[in-house]
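Here the structure comes first, spelled out in structure tokens, and everything after it is commentary.
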There are 2 protein chains.
Amino acid sequence: MLILTKIITLKKNSVTLSDIARELHMTAATVSRALSDHPEISAKTKSIVKEAAQRLDYKPNRIASSLRSGKTNVIGVLIPTAENAFFGSVIHGITNLASKHGYSVLIHECDELFELEVKGIQTFIGARVDGIIASLSRNTVDYDHFLDVKRRNIPLVFFDRVPDLDIPSVVIDGFNGSFWATQHLIDQGYKRIAHISGPLFINTFNDRFKGYEAALKANNIPFESDLVFNGNISIESGMEGTRQLLALAQPPDAIFAAEDFTALGVLKQLKINNIKAPDQFGIFGFCNDMFSEHTTPSLSTMDQQTVLMGQEAFKLLNQIIENGNEKTSDKIVVKPLPVIRESSLKTMQ
Amino acid sequence: MLILTKIITLKKNSVTLSDIARELHMTAATVSRALSDHPEISAKTKSIVKEAAQRLDYKPNRIASSLRSGKTNVIGVLIPTAENAFFGSVIHGITNLASKHGYSVLIHECDELFELEVKGIQTFIGARVDGIIASLSRNTVDYDHFLDVKRRNIPLVFFDRVPDLDIPSVVIDGFNGSFWATQHLIDQGYKRIAHISGPLFINTFNDRFKGYEAALKANNIPFESDLVFNGNISIESGMEGTRQLLALAQPPDAIFAAEDFTALGVLKQLKINNIKAPDQFGIFGFCNDMFSEHTTPSLSTMDQQTVLMGQEAFKLLNQIIENGNEKTSDKIVVKPLPVIRESSLKTMQ
DNA sequence: CTGAAAGCGCTTACAG
DNA sequence: CTGAAAGCGCTTACAG
């Protein structure tokens, strides 16, 4: 009998409420209430219990309390990839705030693959997370898994790459940011401004294309479809686009690129062709990626305020968790900030 | 009574084993066994149960099974910051593999703050994670929280920034990598090679300093403490170090920098001083950061194989989780890969 | 102010 | 092959 007790004692590697209760000759209920500062427990009992909890190195089992309370204090964050400064930075914004509000963050990376995105959502549902923050994978066009989340009344917020659904989200103002960038190139005196886009079925890149188009229109510059190259978010497509645009009968003298890797590709191709930026050719990017500050010439770009974006996404989610009745129309638009560096400053040369 | 039932039905937003059991007039035990393909359940029952589970959109409550089984299938990953390509990339390596092995990843970022590091560990303990992968914050010198983890028999693996404890870990071979880089600069014909270090109390940067020192010795070049500047992992310290080194009576003609931001600072300062790299001055970094490929001249550096590092860390943890009896001596050393670019190729000019 | 009891949703040893 | 029962570690409505 003694041996049996010992084995049991050895087997469980953590102290429970009942262990404390037994030690103090009270019930687990009282211990529980004392530790959570229940108003009806006497100050004396509280101090005795807290002392014992500390002495026995008690750490509450959140799994058990989650099961009982129905709240896990965990949120799920679904991202296309962690190998990317953008998402890392958003994660930073989310986790910091989440942690302050008592939430832990379960992360799921889907490698830009639809199947892993679905798997991530299922994992989150299984883990009974209190809410989900997600950004779509590159190829996602089927939203059933997200509708499943809604059906289960799990609060859900999208950021950056958002689906065409009535679900709260945080996005960057790509339209106005791109309008601003294009206008800036015009103001600098560049005459023919081209655009290398990202995949246009993704909302973010479509917005940027539209902003470019609108800026031309606002300046009475005719839009020429020849001046738009459809890229795929890569250095290579920036280079390829530049080659094709330079081969036009009337080549451009500036390019607004949908994001910074593309802009970097433009820069590299111009060097190969011995065209000097910014005096002969203007470049403007979008994202303010890690490297953009350190190229030669340094890249003018729009900062996406990624940390702010993460924070806003969490705030929105938290609000929905707390108030329950979300307004599906909630759409937070983060303003991108222009970062003017060398690549677009013709007048400075 | 009917109304009450309805309210209850509405209130719980997910289907349980008992719901399925009631529907099929069997017990939850049978349903549980059928769904987990227990050998003693008849094929017929299994198919009936599985059909019903699918029809009712049943998703097992992992919280409940965790409480019962004592296994959460969650691992905790503690990182100094997510706003950094290095850790993002390691996370990528960890989560991918973890997901394949049925684990979810709880992430905790401590912003390089000791208190948040402790808080993260406590959160992980509370969440009863099956294991922890961690990298130390910049200022951590007190390891009580990790000893607490060991005391509770929670499998623990460190990566990159590891404490001076007998705990399994995955580290980069900074010594040999730095030896290699220094030797390369010597081979390129640079005569006086300086070093701008990171904080030397952190194991990783200390190793790199030692590798530099050893390479000099192996080539019968006397070590001069004047040629070592103590930096703090930043562009600014790269610039400041370069200024001070150039001001020496006998300035160096090459710098091996402890990491790429520092190397970038070197590059920037050389440009200011109108010293041409690589023909007049060699630069070698460490990390292969995002931007290193895109500077002018591009930076020679050591690739840390970050994804591999994350994968190895998970593999090691998983092995400890499965086999229980870890050998505390387990220390996996990842070989860094030289990435020779322009900044160190004197002979090419 | 504290206790006894029920229950969150699973899993599994014990019966039959 | 399936059921009845106990229990994982909490929390809380109900008593007293």
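FYI, side chains are in, hydrogens and waters are out, and symmetry mates aren't considered; it's all heavy atoms of this structure. Residue numbering restarts at 1 for every chain, and letters A, B, ... go by the order of the sequence lines. Every value quoted in this text rests on a predicted model; they were computed, and no experiment measured them.
- Rounded to an integer number of Å, the gap from NZ of Lys59(B) to C1' of dG9(C) is 17 Å.
- A salt bridge links Lys59(B) to Asp57(B): at least one charged side-chain nitrogen sits closer than 4.0 Å to a carboxylate oxygen.
- A straight line from CD1 of Ile20(B) to P of dT2(D) spans 15 Å, rounded to a whole angstrom.
- Side chain Arg33(A) to base dG3(C): a donor-acceptor pair is found below 3.5 Å.
- When every heavy atom of Val15(B) is checked against every heavy atom of Tyr58(B), the shortest pair comes out as O-CD1, 3.3 Å.
- Between the side chain of Arg62(B) and the base of dG9(C), no donor-acceptor pair under 3.5 Å is found.
- Base pairing in DNA chain C yields stems of at least 3 consecutive Watson-Crick or G-U pairs, both distances under 3.5 Å, namely C:1-3 with D:14-16, C:5-12 with D:5-12, C:14-16 with D:1-3.
- Under the 3.5 Å distance criterion, with hydrogens and angles disregarded, no donor-acceptor pair is assigned to the side chains of Ser135(B) and Asp160(B).
- Nearest-nucleotide positions on DNA chain D for Thr27(B) and Leu67(A) put Thr27(B) closer to the 5' end.
- You'll find that the side chain of Ser65(A) is closest to dC10(D), out of dC10(D), dA5(C), dT12(C).
- Protein atom NZ of Lys46(A) is 9 Å distant from nucleotide atom P of dC1(C), rounded to whole Å.
- To the nearest angstrom, C1' of dC8(C) lies 15 Å from CG of Leu17(A).
- Between the side chains of Ser89(B) and Glu83(A), at least one donor N or O sits under 3.5 Å from an acceptor N or O.
- As rounded to whole Å, 18 Å separates atom P of dG7(C) from atom CG of Asn61(B).
- Taking the six-membered ring where tryptophan is involved, the planes of Phe158(B) and Phe146(B) are perpendicular, since the angle between them exceeds 60° and thus also 30°.
- Rounded to whole Å, the distance from CE on Met26(A) to C1' on dA4(C) is 16 Å.
- Residue Ser69(B) is classed as having no contact, given no heavy-atom separation below 4.0 Å to the nucleic acid.
- By the 4.0 Å N-to-carboxylate-O rule, Glu115(A) lies too far from Lys119(A) to be salt-bridged with it.
- Phe87(B) and His92(A) have their aromatic ring centers separated by at least 6.0 angstrom.
- For Tyr58(A), taking side-chain heavy atoms from C-beta onward, the closest of the listed nucleotides dT12(C), dT2(C), dC10(D) is dC10(D).
- OP1 or OP2 of dT2(D) has at least one side-chain nitrogen or oxygen of Ser42(B) nearer than 4.0 Å.
- Atom pair Glu40(A):CD and dC14(D):C1' shows a separation of 12 Å (rounding to whole Å applied).
- Following rounding to the nearest Å, Arg22(A) (CZ) and dG9(D) (P) show an atom-to-atom distance of 11 Å.
- Thr45(B) comes within 4.0 angstrom of the backbone, heavy atoms only, and of no base.
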